[in-house]
Protein chains: 2
Amino acid sequence: MATASHRTAPEHIHPEDVSVQTALAALADPVRLSLVRELAGSVEWSRSCGSFDVPVGKAALSHHFAVLRGAGLVEQRDEGPRRVNRLRRAEFEARFPGLLELVLRDDPAV
Amino acid sequence: MATASHRTAPEHIHPEDVSVQTALAALADPVRLSLVRELAGSVEWSRSCGSFDVPVGKAALSHHFAVLRGAGLVEQRDEGPRRVNRLRRAEFEARFPGLLELVLRDDPAV
DNA sequence: CCGAGTGTTCGATGAAAACCATACACTCGC
DNA sequence: GCGAGTGTATGGTTTTCATCGAACACTCGG
């Protein structure tokens, strides 16, 4: 039941246990930033990993999601064969006030 | 006069022209984060580049300051033989509200 | 005008990170 | 129980970045 294409369920890290460094590094990558933004504009649990429009292969994509999990930015759940995502808005906001909002509503440096 | 050990004066970039990516990447490095924090606790223009307590050589240090300038985080001015620094608090805050404050008053991830 | 102090530049090195292609694991509909 | 769809793991390549040592440029005090 509900254990998609993975031996074990995704391992999550709570934002509370994340260092600023890790958080910043996670968001400093263009692909991940794109994922986070796209995710922010979607209904929770509505997007599977493969449904994002980024210019990388599956392997790299999977890796990026692992990084996002490791930064407490994304939560994942297995739903049948696919793994659906959710942006941990509230929790992340509590740990890093303003950060998420900052990267989300950014005027791309004019 | 006032052109220390450098052909040309330091080239600055205003925070307004900096992308989030660049800003985050600049702050995601341990050495640079250390520099910013130490600088935040000092009087403006009081610290020369060499006066910071970081475990890297001069060359690397010089590079890190270049990155910080490129992210609009630091302003430099030549004062005799040395180059003194200032944290661009207000300008940076205006461009990335909350970010600087966030990395400065951080509980190192418990 | 020399020597000490300061910072940048260059070239090279090493480590980290992103990426791909492939192979594998799991789910589900047929 | 196949076969398609989805995601992970592994191995290897490439790129990026932090770092160093050494050479250079500039300032200033004797």
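The structure displayed is predicted, hence computed values, not measured ones. Reminder, nothing fancy here: chain letters follow the sequence lines and each chain counts from 1. Hydrogens, waters and symmetry mates play no part in the numbers below; they use all other heavy atoms, side chains included.
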>> Whole angstroms only, please: what is the CZ-P distance between F65(B) and dT6(C)?
In response: 14 Å
> Picking from dC20(C), dT19(D), dG7(C), which would you name as closest to the side chain of A59(A)?
Replying inline: dC20(C)
> Rounded to whole angstrom units, what separation is found between the CG atom of L61(B) and the P atom of dT9(C)?
Replying inline: 13 Å
> Within this structure, what is the CZ-to-P distance between R77(A) and dG7(D), rounded to whole angstrom?
Replying inline: 14 Å
Distances for protein N or O near nucleotides 13-17 of chain C N or O, under 3.5 Å:
none

Contacts under 3.5 angstrom, residues 65-74 of chain B side chains, donor-acceptor by atom type, not counting sequence neighbours:
{"residue": "R69(B)", "atom": "NE", "partner": "E11(B)", "partner atom": "O", "Å": "3.4"}
{"residue": "R69(B)", "atom": "NH1", "partner": "Q76(B)", "partner atom": "OE1", "Å": "2.5"}

> How would you list all residue pairs meeting side-chain hydrogen bond (donor to acceptor under 3.5 Å, both in side chains) that involve residues 47-56 of chain A, not counting sequence neighbours?
Replying inline: E38(A)-R47(A), S42(A)-R47(A), R47(A)-S51(A)
> Do any pairs count as a side-chain hydrogen bond (donor to acceptor under 3.5 Å, both in side chains) and have a residue in residues 23-35 of chain B, sequence neighbours left out, and if so which ones?
Replying inline: R32(B)-H64(B)
> Between E79(B) (CD) and dC26(D) (C1'), how many Å, whole number?
Replying inline: 15 Å
> Can you list, by residue number, the residues of residues 34-49 of chain A that have a non-hydrogen atom closer than 4.0 angstrom to DNA chain D?
Replying inline: S48(A), C49(A)
>> From CG of L33(B) over to C1' of dA18(D), roughly how many Å is that when rounded to an integer?
In response: 16 Å
>> With nearest nucleotide decided by heavy atoms, which residue, V31(A) or K58(B), maps closer to the 5′ end of DNA chain C?
In response: K58(B)
> Are R95(B) and E91(B) close enough for a salt bridge, meaning some N to O gap below 4.0 Å?
Replying inline: no
> Mind checking what makes side chain to side chain donor-acceptor pair (under 3.5 Å) contact with E75(A), not counting sequence neighbours?
Replying inline: R86(A)
> In chain order, what residues pass the side-chain contact (heavy atoms from CB on, under 4.5 Å) check against P97(A), with sequence neighbours excluded?
Replying inline: E93(A), L102(B)
> Angle, rounded to 10°, between the helical axes spanning five pairs at each terminus of the helix from dC1(C)-dG30(D) to dC30(C)-dG1(D)?
Replying inline: 20°
>> The criterion is side-chain contact (heavy atoms from CB on, under 4.5 Å); which residues satisfy it with A28(B), sequence neighbours excluded?
In response: L24(A), A25(A)
> For V43(A), what are the other residues in its hydrophobic cluster, where any two members join if their side-chain heavy atoms are less than 4.5 angstrom apart?
Replying inline: none
> Atom CD of E11(A) to atom C1' of dA9(D): distance rounded to whole Å?
Replying inline: 15 Å
> Can you pull the ring pair (Phe, Tyr, Trp, His ring centres under 6.0 Å) pairs that have at least one residue in residues 11-40 of chain A, sequence neighbours excluded?
Replying inline: none
>> Can you tell me how far apart CG (L39(B)) and CZ (F52(B)) are? Round to the nearest 0.5 Å.
In response: 4.5 Å
>> Under 4.0 Å from OP1 or OP2 of dG5(C): is there any side-chain N or O of R82(B) that close?
In response: no
> dT8(D) C1' sits how many Å from D78(A) CG, rounded?
Replying inline: 11 Å
> Which residues satisfy the side-chain contact (heavy atoms from CB on, under 4.5 Å) test with L104(A), sequence neighbours excluded?
Replying inline: V36(A), R37(A), A40(A), R89(A), L100(A)
>> In this structure, how many angstroms lie between the P atom of dA18(D) and the CD atom of Q21(A), rounded?
In response: 12 Å
